[in-house]
Number of protein chains: 2
Amino acid sequence: MMADMEKKKNTIVDVARKLNVSTSTVSRALNGHHSISERTKLKVRKVAAELNYSPNNVAASLRRGKVNSIGVILPRINSTFMSNCIFGIESVTYPAGYNLIISCSNEDYKKEVQSIAALKASQVSGIILSLSNETKKTAHLSNIISQNIPLVMFDRIAELLNVDSVVNDDTKITVQAIEHLHAMGFRKIAIFSSPTHIYVYKNRMKGYLEALSSLGLTLNHNWIIENIQTKEQAQHSAEILFKAKDKPDAVFCTSDTIALGVIQTLKKLGIQIPQEVGVIGYSNDTFSELIQPTLTSIEQYPQEMGVNAAKLMLDIIGDKNWSMQVHKQIHIKPRLIIRDSSNRLLTE
Amino acid sequence: MMADMEKKKNTIVDVARKLNVSTSTVSRALNGHHSISERTKLKVRKVAAELNYSPNNVAASLRRGKVNSIGVILPRINSTFMSNCIFGIESVTYPAGYNLIISCSNEDYKKEVQSIAALKASQVSGIILSLSNETKKTAHLSNIISQNIPLVMFDRIAELLNVDSVVNDDTKITVQAIEHLHAMGFRKIAIFSSPTHIYVYKNRMKGYLEALSSLGLTLNHNWIIENIQTKEQAQHSAEILFKAKDKPDAVFCTSDTIALGVIQTLKKLGIQIPQEVGVIGYSNDTFSELIQPTLTSIEQYPQEMGVNAAKLMLDIIGDKNWSMQVHKQIHIKPRLIIRDSSNRLLTE
DNA sequence: CTGTTAGCGCTTTCAG
DNA sequence: CTGAAAGCGCTAACAG
């Protein structure tokens with residue numbers, strides 16, 4: 001009978017045996033320890049290669065009590081914004097020698113909690129997180145903080161939690177956007193917003209209200225549409241709003257997708273953009289400069305956000321007392337990109 | 001002097017001690033082993049919760065010789081196509097209890113090789129991969145296959161490697177696209193392609209050539225533009241081509257971004273689409289139905305590709321002899337989505 | 001510069 | 001149904 005080809009993987013023990021040295025020497029040589037002679041290092045590396053040796057990080061991590069991976073939990077993964085954030089994160093963590101374990105909460109609170117548990121079990125060095133829509137409790141986060149697992153939040157943060165974070169200056173840029181509409185002669189400005197219990201939308205709403213007040217514009221509660229999540233909902237609400245008596249003359253939208261829905265409805269109703277109604281979106285999706293009319297929007301620099309979140313994480317890792325310290329909040333400055341959908345000067 | 005609050009994490013040893021049982025019992029209880037009485041299980045779980053016990057998967061993995069994570073290597077991460085693939089993969093691997101370790105080769109061969117090594121060191125259960133642009137050698141892949149590490153490739157596969165894979169029927173759908181152009185009366189069909197050493201572009205080129213031949217259209221080598229990678233390159237090449245004497249009357253593009261570049265140049269040159277020139281893109285990006293004219297394109301169902309790649313992976317994992325077997329290739333059927341940019345019927 | 005030794009936290013035979 | 005004991009592969013005191 002043929003014996004099974006027991007392709008047992010070679011370990012440092014095999015390398016050590018072949019060279020007649022101790023496993024410590026092999027371990028040290030492979031890790032570039034300074035107290036090993038160049039000659040030995042060369043020999044070890046040679047034999048390791050011959051034996052097709054591949055290190056076992058699981059064993060090393062267990063021994064070291066430290067894992068070289070960082071967990072990332074996102075509400076979505078297939079969005080331009082989020083995938084660019086990941087891209088930014090990866091560009092920092094990879095050169096630093098970390099793996100990225102990514103999981104997607106799918107805007108589901110329960111899955112967020114489970115993902116946290118899974119990452120904890122994996123002994124990740126830290127967790128970078130943006131909250132799901134549904135997350136209203138944050139016990140799962142306090143829990144990991146209390147266990148000294150580094151946590152960095154970005155974009156959708158939990159305000160009451162004292163952690164390092166990266167956010168946009170949503171309020172300020174929204175004020176700027178409303179001021180821009182005002183400067184273009186729009187006076188009856190509506191807002192189409194996603195749910196305002198979420199940090200970023202809350203701040204956009206805040207900016208809207210602040211700007212209206214400081215510009216002396218009257219606030220019409222019928223023009224404040226909240227809880228819009230999809231293009232279809234935006235279309236629906238726009239249809240109702242623009243068929244009513246008391247129509248606004250501009251709409252500030254908290255996402256480009258919402259803005260797209262509004263634009264499609266306005267077109268359908270034969271309303272001219274921006275002559276009759278101005279529209280502003282948020283996040284500068286690829287399509288915003290490609291649609292008709294081109295859409296005024298707000299660039300958020302998601303990659304930059306990811307880069308900063310990752311840098312923050314690397315700073316924290318290894319700092320035993322990070323949870324005791326004053327936490328940093330990095331503000332990314334968004335930019336208003338003025339295009340045709342709000343630019344009345346073009347047509348006057 | 002205050003003693004440091006040694007917040008040493010509790011392990012099963014602590015749980016066992018508190019209950020006066022053995023660690024084996026705790027381990028078994030926590031893992032729902034059948035030979036443990038319900039009463040014990042309850043007690044163990046209760047104490048584990050009290051002690052805020054969190055399992056250490058690193059130790060468990062080392063002992064089991066098996067890690068609950070799957071590695072994914074992609075050429076890009078911030079593209080609609082790839083992020084949707086990840087989304088599909090995650091939707092299968094998460095419920096199955098796997099972590100996803102994602103790394104991005106950035107179209108760089110070296111980084112692809114390094115990522116493979118890193119994932120190997122992490123002892124991942126398997127690797128799902130789509131090749132970088134630059135990858136021409138596949139020794140790094142043969143290597144992991146020979147070590148019985150499950151490998152699934154998708155989209156950009158290495159043809160000569162005998163592994164499970166998920167691909168589009170690029171050739172067939174391209175033939176269909178060209179036939180569509182022919183049916184619309186276009187006869188002088190050019191192709192703007194990304195580098196054809198890459199599997200998917202090679203097949204699109206193949207489809208183009210096959211279709212031309214079977215439709216009896218003459219092949220003009222000046223109309224075969226290869227190595228286009230960016231919108232700018234597409235614009236540049238289109239400008240040259242459409243200022244030349246011998247102009248095509250349609251352009252098949254291997255991506256929507258290329259098509260966008262072509263359309264922008266045609267507009268600039270005052271050439272009517274589709275009356276004078278028809279354009280087809282590939283991958284049905286969000287913007288394709290939003291631009292003017294709306295762009296005929298090919299939907300590839302990236303999420304579906306991810307789902308299938310992940311399922312294939314789960315099938316393979318644990319199957320000791322997978323590398324000996326005949327490998328499956330799953331073909332995802334793309335769909336031609338006809339819009340204005342190729343639809344002459346609209347205007348005749 | 002190198003070797004000896006003791007575990008990291010968990011699972012899993014084997015033995016009751 | 002439960003316990004004792006061994007050990008996964010590696011690293012890091014400690015000791016020369």
Does B:T25 place a side-chain N or O at less than 4.0 Å from the phosphate oxygens OP1/OP2 of D:dT2?
no
Check the distance between D:dG9's P and B:R63's CZ and give it to me in whole angstrom.
10 Å
Less than 4.0 angstrom between a side-chain N/O of B:T11 and OP1 or OP2 of C:dG9, yes or no?
no
Specify the residue among A:L62 and A:S24 whose closest nucleotide of DNA chain C lies further upstream toward the 5′ end.
A:S24
side-chain hydrogen bond (donor to acceptor under 3.5 Å, both in side chains) contacts touching residues 150-160 of chain A (sequence neighbours left out)
A:E107-A:R156, A:E159-A:K202
D:dC10 C1' sits how many Å from B:Q123 CD, rounded?
11 Å
How about A:F154 and A:N308: do any of their side-chain heavy atoms sit closer than 4.5 Å?
no
If you count every heavy atom of other residues, nucleotides or ligands that lies below 6.0 Å from B:K311 atom NZ, does the total exceed 12?
no
Between B:R17 (CZ) and C:dG9 (C1'), how many Å, whole number?
13 Å
Starting from C1' on D:dC10, measure out to NZ on A:K9 and report it in whole angstrom.
14 Å
Which ones in residues 27-54 of chain A lie close to DNA chain D, meaning a heavy atom under 4.0 Å from one of its atoms?
A:S27, A:R28, A:N31, A:Y53
For the residue pair B:K120 and B:N143, confirm or rule out a side-chain donor-acceptor distance under 3.5 Å.
yes
Please tell me which of A:I12 and B:V21 maps to the more 5' nucleotide of DNA chain D, matching each residue to the nucleotide holding its nearest heavy atom.
B:V21
Expressed as a whole number of angstroms, how long is the span from B:R64:CZ to C:dG9:P?
17 Å
Nearest whole Å is fine: how far is C:dG3 P from A:N20 CG?
9 Å
Donor-acceptor pair, B:S83 side chain versus B:N78 backbone, under 3.5 Å?
no
Taking the side chain from A:S27 and the backbone from A:T23, do they hold a donor-acceptor pair closer than 3.5 Å?
no
Can you tell me the distance, in whole Å, between the CG atom of B:L19 and the P atom of D:dT2?
11 Å
Would you mind reporting whether B:F81 and B:R76 have side-chain heavy atoms less than 4.5 Å apart?
no
